[in-house]
Amino acid sequence: MGWQAVIGVEVHVQLRTGRKLFCRDRVAFGAEPNTLVCPVCLGLPGALPTLDPRAVDLAVRTALALECTLHDTSVWARKSYFYPDLPKGYQITQFDRPLATGGTLDFDGPAGAGRVRIRRVHMEEDAGKSLHDRIPEGTAVDLNRAGTPLVEIVTEPDLHTPEDVRSFLGELRQLLEFADVSDCSMEEGSLRVDANVSVRRAESAELGTKTEIKNVNSFSGIERALRMEIDRQIAVLEGGGSVRGETLLWDDHRASLRPMRSKEDRHDYRYLPDPDLPPLVLGAAVVRSVRGMLREMPRARRARFQAEYGLSSYDAGVVTQSRAGADYFETVAEGCADAKLAANWVMGPLQALLNARAATWDAPPVDAPRLIELLGLVRDGTVSDRVAKQLLDALADGPEGAEEIVASRGLEQVSEPAMLERWVDEVVAAFPDECARYREGEDRLLGFLVGQVMQRSRGRADPRGVNLRIRERLGGVEQAPGRGGLSSGRGAGSDRRRPSS
Ligand code: ADP
Ligand code: MG
């Protein structure tokens, strides 16, 4: 009999307001410990919380992006537990009346499309941080994080493989980025995932006892931890034992899981409504305005890019990696009226340029209008592909536009038959051996000879014209009447004739 794994996740997302949920302190990663604190987030007696409405906007945005039902009224609750990094002795969260419930998120996994139901989305504040390596023989506490605004997203147990969990989380992260809710950095703790997992006989309808995996800080870590835990649970059950409902901590260095606490010594959180905070009431106007600001979500955008611009599903996935990248692509595709060319440039030379200069799509070294101008020159044959790629660097380096640079440096593509003939003559004369070997059937030398011409022309020669002329000269072209390749090649060449400098 086969086993089926059942997995549900709880995701904590840091909202990008830049400030705390109930006081005016800034939120910043890596600041000097305990410098971003005040009486409210330190939990000093008498200090009262005041809700930041911008955090509510972002939480509402999250819930809408996940197609949840928003509740007019949600209630702040105190979740009590004793921990050194929790100064008040309780966390302000939402319990039995959360912000939103009942959403869905579709994703594309390695085994096909999947759908996960979202159980709830609620708001809460983060705790501080215990630092175990800051002072010798002791644990230090940094409360800079205390009070950081979060949303917690809880799914139904609808996932069944570690690979699907990873795909789902990738889709979720992209959605949160598109909705502009969070920077979703796992390294900086602004996206944290706890995974709940159980196994059952494939034919069983009942859920098995679950364990909860915490402390994983990468998607690949989650995949590995789940794989390991699923195997462990199956081995326990096949050995006649039973799974203990416990919380497990993932150790990334050792790639191992160790028990943190068992179900028996689970906290009694003593949830109660927070008397310091009135219920959160969402005005219809707020919800309407947030809904109006919400942009197209990644999956819909990928589908539209395929339908509207004829991109392959792979290409649509690549250009929608980030919202800013998708915006960039779409501006260029519209501006140059050639979506395929736009996609190739965005995914190829532009992405390479970004990588080389450690830039992001939010601030690309060449903005969309300037790329559109460049692609215009490619499309009408003013410059060769090769020169265009060189131009990209020049565009990134200075303020001049593509046309300006082409004019000032004399980079127009040369298709004039007389010029091409002259370069080909020179190359044929300079490489008699290579020409002879090509004539005798060493086809790959064609590329070499074309390359020599391109070099002589400083990349300006129309490569198709050159290719054709060399083959013609050295007998590589079948002169089959009616095939038309040769004559149309010549036609295209003369159409694009431009004065050479
Ligand atoms: P708990 O009360 O232990 O916190 P919840 O019912 O609140 O459990 O569920 C927490 C998370 O665990 C949810 O994401 C849910 O989908 C998932 N979950 C619940 N039961 C199981 C199970 N038997 N196997 C796997 N995941 C589960
Ligand atoms: Mg829970």
Side-chain angles (χ1 to χ4, degrees), residues 2-13 62-63 66-68 74 77 79-81 91 93-107 109 114-124 150-169 171-173 176 191-216 219 222-223 225-237 241-250 257 259-271:
W3 293 95
Q4 183 188 45
V6 175
I7 304 158
V9 295
E10 294 161 285
V11 183
H12 288 90
V13 181
T62 307
L66 290 166
E67 295 168 16
C68 291
S74 55
K79 178 181 180 179
S80 305
Y81 55 99
Q91 175 193 23
T93 180
Q94 298 184 315
F95 180 53
D96 51 357
R97 299 193 61 185
L99 181 76
T101 50
T104 48
L105 180 61
D106 293 327
F107 67 98
R115 166 166 290 188
V116 171
R117 290 167 299 156
I118 305 299
R119 181 180 291 177
R120 58 188 276 148
V121 174
H122 69 251
M123 299 183 72
E124 61 186 29
L150 307 177
V151 282
E152 180 174 343
I153 300 165
V154 182
T155 77
E156 295 294 343
D158 289 347
L159 291 152
H160 299 289
T161 66
E163 295 76 28
D164 272 359
V165 171
R166 189 173 180 166
S167 301
F168 166 79
L169 291 173
E171 188 69 40
L172 178 62
R173 176 162 65 180
L176 296 168
L191 183 74
R192 300 200 297 273
V193 181
D194 301 335
N196 301 270
V197 56
S198 61
V199 299
R200 64 179 175 193
R201 291 288 182 186
E203 72 282 3
S204 158
E206 235 167 276
L207 293 177
T209 303
K210 71 175 165 76
T211 56
E212 180 173 5
I213 301 173
K214 282 185 179 291
N215 202 36
V216 198
F219 286 1
I222 288 164
E223 205 178 324
L226 280 169
R227 169 70 44 223
M228 180 177 288
E229 175 59 8
I230 290 167
D231 290 346
R232 185 191 71 84
Q233 289 186 14
I234 292 174
V236 166
L237 294 173
S242 54
V243 172
R244 276 191 308 273
E246 56 193 354
T247 300
L248 305 169
L249 285 188
W250 172 248
L257 287 163
M260 180 175 103
R261 58 171 181 253
S262 70
K263 196 159 189 143
E264 289 73 57
D265 51 52
R266 232 170 128 152
H267 301 285
D268 170 12
Y269 292 124
R270 293 183 291 121
Y271 282 103

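First listed ligand is number 1; within each ligand, the first listed atom is number 1.
Taking every heavy atom of E156 and a limit of under 4.0 angstrom, the matching atoms of ligand 1 come to 16 (O). Close approach of ligand 1 to V9 is summarised as follows: ligand atoms under 4.0 Å from at least one heavy atom of the residue are 14 (O). When each atom of ligand 1 is checked for a heavy atom of L207 under 4.0 Å away, the hits are 23 (N). Which parts of ligand 1 touch V154 is read off a 4.0 Å heavy-atom cut-off, strictly below it: atoms 13 (C), 14 (O). Near V6, the atoms of ligand 1 lying under 4.0 angstrom from a non-hydrogen atom of the residue are 24 (N), 25 (C). Close approach of ligand 1 to R119 is summarised as follows: ligand atoms under 4.0 Å from at least one heavy atom of the residue are 5 (P), 6 (O), 7 (O), 9 (O), 15 (C), 16 (O).
Applying the salt bridge (charged side-chain N to carboxylate O under 4.0 Å, His left out) test to R119 and every residue at least two apart in sequence or in another chain returns E156. Remark: R232 engages E229 in a salt bridge (charged side-chain N to carboxylate O under 4.0 Å, His left out) (not counting sequence neighbours).
With a 4.0 Å cut-off on non-hydrogen atoms, T209 does not touch ligand 1 at all. Residue-level proximity to ligand 1 for E212 is absent, since no heavy atom of it falls below 4.0 angstrom.
Between the side chain of D158 and the backbone N or O of R117, at least one donor-acceptor pair lies under 3.5 Å. Side-chain N or O atoms of E223 include none that pairs as donor or acceptor with a backbone N or O of P162 at under 3.5 Å.
By the 30° and 60° cut-offs, the orientation of the rings of F168 relative to F107 is perpendicular.
The residues R227 and E163 are annotated as salt-bridged, a charged nitrogen and a carboxylate oxygen being separated by less than 4.0 angstrom.
The shortest N/O to N/O separation between K210 and ligand 1 falls below 3.5 Å. Between N196 and ligand 1, at least one N/O pair is under 3.5 Å apart.
In this structure, R200 is not positioned above the aromatic face of W3 in the sense of NZ or CZ being under 6.0 Å from the six-membered ring centre and within 45° of the axis.
Proximity of L172 to L66: side-chain heavy atoms (C-beta onward) are separated by under 4.5 Å at one or more points.
Comparing heavy-atom distances from atom 23 (N) of ligand 1 across P157, G245, G208 singles out G208 as nearest.
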